[in-house]
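When a ligand or atom number is given, it counts from 1 through the structure's own listing order.
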Amino acid sequence: MNASNHPPASILFIFGGSGDLNHRKLTPALYNLFLDDWLPEQFLISGIGRSQYDDESFRGHLLDGVKQFSRRKEEINGKWEAFSRHIAYLQMDGDKAEDYQKIARIVHDKTEEWGVRPHVVFYLAVAPQLVPAIASNLGKLDICADKTTSRIVVEKPFGHDLKSARELNTQLRSLFAEEQIFRIDHYLGKETVQNILMMRFANALFEPIWNRNYIDHIQITAIESVGVEGRGGYFEQSGALRDMVQNHILQILCMIAMEAPVSFEANEIRNKNLDVLNALRRYTDAEVAENAVRGQYGAGSNNGKPVLAYRDEKGVAADSNVETYAAARFFIDNWRWQGVPFFVRTGKSLHMKETHVVIQFKSPPHNTFPHEAAENWKSNRLTISIQPNMDIRIRFQVKRPGQTMKLDPVEMAFDYTAAGENAPEAYETLLLDALEGDPTLFMRGDQVEAAWEVIMPILSHWEKNKAADFPNYQPGSWGPLAADQLIEEEDRHWVNVLQSEN
Ligand SMILES: NC(=O)C1=CN([C@@H]2O[C@H](COP(=O)(O)OP(=O)(O)OC[C@H]3O[C@@H](n4cnc5c(N)ncnc54)[C@H](OP(=O)(O)O)[C@@H]3O)[C@@H](O)[C@H]2O)C=CC1
Ligand SMILES: O=C1O[C@H](COP(=O)(O)O)[C@@H](O)[C@H](O)[C@H]1O
């Protein structure tokens with residue numbers, strides 16, 4: 001989020017350098033930063049893993065990832081060669097304390113070569129079980145004692161529940177200062193998610209109506225057409241609520257609901273975000289049943305392709321109770337949002353991939369025109385599409401041309417894709433911020449814990465009460481019927497932005 005700074009001389013150690021996240025996301029993002037001249041001349045990416053690579057074969061493996069997954073695949077000729085000279089492979093076992101001297105040696109050698117002590121960033125792209133051991137070994141290195149020149153980036157999932165997240169925070173804080181710990185939530189790096197703050201707080205237009213007096217309800221949708229597809233083992237430990245709601249969706253909700261920050265200073269933004277999480281209503285067990293629904297997909301097809309039932313996926317129990325769909329109604333118990341429901345939903349194997357926020361305004365206080373003039377008086381709606389469309393649309397009513405007194409809904413739209421052509425991907429923004437030491441778009445420990453507090457009652461209710469109706473939705477559908485009922489109880493309905501003009 002930094003306006004114009006460039007990182008200082010740096011070494012980025014990626015634990016999990018040989019893994020999928022680095023292959024698909026991190027290196028393609030770093031390559032784009034290189035193409036855009038954001039990386040310093042004195043820069044090393046040291047990929048770490050136990051697998052057998054030398055520098056050359058490791059670079060070849062990463063080039064393959066760039067060719068497959070980069071948004072700028074066509075810009076490989078000539079430039080990749082220069083970029084790849086910044087990449088090396090370090091074979092080591094993250095569990096072995098003695099191996100960490102190899103890291104100290106690299107930092108020492110680069111300091112001599114560059115004539116300047118580099119900043120060091122340790123990116124933990126490894127399974128969560130490995131994080132405590134790696135953090136503990138890193139914490140013992142002298143280079144990590146300097147709070148301003150060293151930091152650690154921790155991937156999701158951050159904990160499995162509130163208790164384990166607290167334990168992980170306690171451990172990390174015993175080894176590093178809070179300002180050294182960068183807990184990543186890649187949704188915060190998405191251009192259109194960041195733009196929510198700009199739209200709200202760089203304009204005077206929205207703020208006066210951004211409250212319970214004018215807003216009927218808010219919807220946050222983050223649905224996917226892909227199923228679990230080989231990640232059954234991971235998903236069995238997670239489920240949709242942990243995978244998407246505890247982190248990404250609650251973060252979007254915070255951006256929509258937070259009070260105006262006084263400045264763009266990292267802790268000011270995070271304090272305002274935390275206020276929302278603290279004000280989110282903690283449900284009792286009985287309230288969970290009224291405010292949250294879950295689903296799991298069965299066998300079928302989506303976009304013409306056959307889809308295995310979730311329970312038939314590798315690594316999934318034949319009677320799995322794990323949800324692949326979750327929807328909930330949240331309330332924020334503060335002055336601004338009292339009584340305004342926030343409906344959220346997420347799920348796998350659904351009709352399409354679509355992430356958006358809908359701000360549904362109330363009806364006009366008095367209907368001047370005959371009732372039959374409008375099909376729906378609740379027509380004022382602001383839609384913020386996050387992906388794949390990137391736009392903001394305002395819907396309002398106008399007179400239908402002709403000799404009848406009829407109203408039609410129309411839209412004014414801003415297309416972010418046109419404005420921000422070739423916009424950076426989330427990991428580009430977040431990696432640059434981590435290298436620059438800007439934590440604004442990363443989660444502070446107290447935010448992560450507050451988010452776990454919000455979802456714990458739902459998790460424990462669902463763990464205690466097996467879902468009797470699983471599987472309860474078809475691949476390619478919009479999810480279980482219960483999710484429609486959740487919102488329709490109050491004469492509202494889910495808005496499927498890409499599908500229809502409803
Ligand atoms: N893949 C993705 O798109 C996303 C992943 N994440 C998160 O990122 C993390 C990594 O995921 P992903 O890349 O998919 O996982 P992978 O299983 O593909 O990679 C795991 C990595 O950990 C390394 N590793 C395992 N044990 C050790 C060890 N003892 N010492 C050193 N390295 C070790 C492996 O290297 P080796 O076998 O060579 O030792 C490998 O590089 C997870 O927490 C995941 O939740 C988050 C968002 C998206
Ligand atoms: O963190 C995760 O996010 C992805 C969806 O990310 P997106 O950027 O493609 O919207 C989701 O598929 C995955 O299950 C989850 O772990």
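Remark: minimum distance from atom 32 (N) of ligand 1 to any protein heavy atom is reached at Gly49 CA, 4.0 Å. What sits closest to atom 43 (O) of ligand 1 on the protein, heavy atoms only, is Val126 O, 2.9 Å. If you check which protein heavy atom lies closest to atom 16 (O) of ligand 2, you get Asp243 OD1, 2.6 Å. Residue, atom and distance of the protein heavy atom nearest to atom 38 (O) of ligand 1 are Ser51 OG, 2.4 Å. Nearest to atom 1 (O) of ligand 2 among the protein's heavy atoms is His248 NE2, 2.8 Å. Summary of contacts: the protein heavy atom closest to atom 34 (C) of ligand 1 is Ser18 OG, 3.9 Å. Nearest protein heavy-atom contact of atom 6 (O) of ligand 2 is His186 NE2, 3.3 Å. With respect to atom 4 (C) of ligand 1, the closest heavy atom belonging to the protein is Leu21 CD1, 3.5 Å.
Of all atoms in ligand 2, listed by their number and element, those nearer than 4.0 Å to a heavy atom of Gln387 are 7 (P), 10 (O). The atoms of ligand 1 that sit less than 4.0 Å from any heavy atom of Pro157 are 45 (O). Which parts of ligand 2 touch Lys353 is read off a 4.0 Å heavy-atom cut-off, strictly below it: atoms 7 (P), 9 (O), 10 (O). Atoms of ligand 2 lying under 4.0 Å from any heavy atom of Lys348, numbered from 1 in the order shown and given with element: 11 (C), 12 (O), 13 (C), 14 (O). Residue contact check: Arg24 has heavy atoms under 4.0 Å from atoms 1 (N), 2 (C), 3 (O) of ligand 1. Atoms of ligand 1 lying under 4.0 Å from at least one heavy atom of Gly19, given by number and element, are 13 (O), 18 (O), 19 (O), 40 (C), 41 (O). Set against the non-hydrogen atoms of Asp93, the atoms of ligand 1 under 4.0 Å away are 28 (C), 29 (N), 30 (N).
Of the candidates Asp20, Val131, Leu124, the one placing a heavy atom closest to atom 14 (O) of ligand 1 is Asp20. The residue among Gly94, Ala133, Ala125 with a heavy atom at the shortest distance from atom 20 (C) of ligand 1 is Ala125. Comparing Glu155, Gln129, Met92 by heavy-atom distance to atom 46 (C) of ligand 1, the nearest is Glu155. Scanning Gly16, Ser238, Ala127 for the heavy atom closest to atom 23 (C) of ligand 1 points to Gly16. Comparing heavy-atom distances from atom 5 (C) of ligand 2 across Lys156, Glu224, Lys190 singles out Glu224 as nearest. Counting heavy atoms only, Arg50 comes closest to atom 37 (O) of ligand 1 of the residues Arg50, Lys156, His23, Lys25.
Ionic pairing of Glu449 and Arg444 is not present here: no N-O contact between side-chain nitrogen and carboxylate oxygen is shorter than 4.0 angstrom. A salt bridge between Arg242 and Glu463 is present, with a side-chain N of the basic residue lying under 4.0 Å from a carboxylate O of the acidic one. Salt-bridge check for Glu428 with Arg71: passed, with a basic side-chain N closer than 4.0 Å to an acidic carboxylate O. Salt-bridge annotation for Arg166 and Glu453: present, with a side-chain N of the basic residue lying under 4.0 Å from a carboxylate O of the acidic one. Ionic pairing of Asp484 and Arg345 is not present here: no N-O contact between side-chain nitrogen and carboxylate oxygen is shorter than 4.0 angstrom. Using a 4.0 Å cut-off between a side-chain N of Lys or Arg and a carboxylate O of Asp or Glu, Asp391 and Arg393 qualify as a salt bridge.
Here OG1 of Thr324 is found 7.5 Å from CG of Asn472. Values are rounded to the nearest 0.5 Å.
In this structure, Tyr187 counts as a contact residue of ligand 2, since one of its heavy atoms falls inside 4.0 Å of the ligand. The shortest heavy-atom distance from Leu130 to ligand 1 is under 4.0 Å.
The backbone N or O of His461 lies less than 3.5 Å from a partner atom in the side chain of Asn465, making a donor-acceptor pair.
Counted within 6.0 Å of NZ on Lys353, heavy atoms from surrounding residues, nucleotides or ligands total more than 12; the atom is thus considered enclosed. In this structure, Lys102 places its NZ atom where more than 12 heavy-atom neighbours from other residues, nucleotides or ligands lie under 6.0 Å away.
Considering backbone and side-chain N/O of Tyr234, none are found under 3.5 Å from N/O of ligand 1. Here's the thing with Thr355: none of its N/O atoms is less than 3.5 angstrom from an N/O atom of ligand 2.
Within the cation-pi definition used here (under 6.0 Å to the ring centroid, within 45° of the axis), Lys156 does not qualify as a partner of Phe158.
Between Phe342 and Phe330, the gap from one ring centroid to the other reaches at least 6.0 Å. Ring centroids of Tyr297 and Tyr325 are separated by 6.0 Å or more, keeping the two rings apart.
Within 4.0 Å of atom 17 (O) of ligand 1, not a single protein heavy atom is present.
When the options Tyr427, Phe69, Phe83 are evaluated for a ring-ring contact (aromatic ring centres under 6.0 Å, His included) with Tyr31, the one that passes is Phe83.
Using a 4.0 Å cut-off between heavy atoms, His186 makes no contact with ligand 1 at all.
Aromatic ring orientation, His248 versus Tyr187: parallel (interplanar angle below 30°, classes split at 30° and 60°).
Heavy atoms only, all atoms of each residue included: Ile196 and Ile384 are closest at CG1-CG2, 4.3 Å.
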